[in-house]
Amino acid sequence: MPRDTLTADRIVRAAVELLDDEGLDGLNMRSLAQRLGSAATAVYWHIKSKDDLVRLASEEVWSEVELPDLDAVDWRTAAASHATGVYAMLTRHPWLVQALSSHLLYGSAQARHNDFGLAVYEKAGFAPADADRAAATVLAFVLGSTVGPAAQVSLNRRQGKNGESAEQLMADAMARATETARQFPHLRKRLDTAAAQEYAGAPDGSFEFGLRSLLDGFGARLAATS
């Protein structure tokens, strides 16, 4: 593909696809250029570095999350919808969880969401300082909830590249974890239940339960101070 047919937008969209497929470690200008049918030098003409590319890819995926209309819904509905949307985006793009801890990522798309979070909790009735704390608490919960799934994607990818059977390695790891868990009474009681066979790391519904509990706590705090 000739250089003059490339645009920064096309490069960033291809970078997001490559990151989704290969992870943060798999992103490089040569692989990206091959995906675009171009030369690496043509990519550099539009985007100067890998760090710039990760920052732009981050902005692209933050733009996927729709913001609720605060004039049309109550604060709790808006908070739950927003947190769930961010969680879904991070689950679709697990590389962003890693990138947030290794790159300086901040642009208008992410800032728009941070600003919205503050607006939600100010609408709820929190003073500005407490609105900051509430928004930060929910974001920390959302990010923490995506670490496990992101780590699983990374593990499966690494094992596949090493020529190992991801399924067998996971089965071996789960067997060792089960033997360890049998040493502890509350874990031991759960090992033979159906739920223990259905999840690794967190039971189904954990995100919804945690988010609901957080918002319940916020509501109780507001009621106690009003």
| query | Taking only residues two or more places apart in sequence or in another chain, which ones pass salt bridge (Lys or Arg N to Asp or Glu O under 4.0 Å) with R112? | reply | none
| query | Just by modelled atom types, is the V16 backbone N or O under 3.5 Å from a matching donor or acceptor in the E60 side chain? | reply | no
| query | Taking ILVMFWY side chains as joined if any heavy atoms are under 4.5 angstrom apart, and letting links pass through other members, which residues group with F184? | reply | L187
| remark: Interatomic distance, CD@Q98 vs OG1@T146, rounded to 0.5 Å, equals 12.0 Å
| field | Residue pairs involving residues 117-130 (criterion salt bridge (charged side-chain N to carboxylate O under 4.0 Å, His left out); sequence neighbours excluded) | value | D130-R133
| request: Work out which heavy atom in R35 is nearest to a heavy atom in L18; give both atom names and the distance. | output: NH2-CD1, 3.7 Å
| task | Inspect the surroundings of CZ in R76 and state if more than 12 heavy atoms from other residues, nucleotides or ligands are less than 6.0 Å away. | result | yes
| message | Can a donor-acceptor pair be found, under 3.5 Å and without considering hydrogens, that links the side chain of T225 to the backbone of R221? | response | yes
| message | Checking D216 against S213: is there a side-chain donor and acceptor pair closer than 3.5 Å? | response | no
| Is the CD atom of Q183 crowded by more than 12 outside heavy atoms at less than 6.0 Å? | yes
| message | Classify the ring geometry of Y87 against F207: parallel below 30°, tilted from 30° to 60°, perpendicular beyond 60°. | response | parallel
| Side chain proximity check, Y106 to N114, heavy atoms < 4.5 angstrom | yes
| By side chain to side chain contact (heavy atoms under 4.5 Å, CB included), which residues pair with D115, not counting sequence neighbours? | none
| Who are the ring-ring contact (aromatic ring centres under 6.0 Å, His included) partners of W62, not counting sequence neighbours? | H113
| field | Any donor-acceptor pair under 3.5 Å from T84 side chain to A80 backbone | value | yes
| message | Is any side-chain heavy atom of S31 closer than 4.5 Å to one of E22? | response | no
| query | Going through the distances and angles, do L27 and W95 end up as a side chain to side chain contact (heavy atoms under 4.5 Å, CB included)? | reply | CA-CA 10 Å; L27 178 67; W95 53 269; over 6 Å; no
| Sequence neighbours excluded, which residues qualify as side chain to side chain contact (heavy atoms under 4.5 Å, CB included) partners of E64? | V61, M89, R92, H93
| said: Contact between S81 and V73 at the side-chain level, heavy atoms closer than 4.5 Å - yes or no? | reply: no
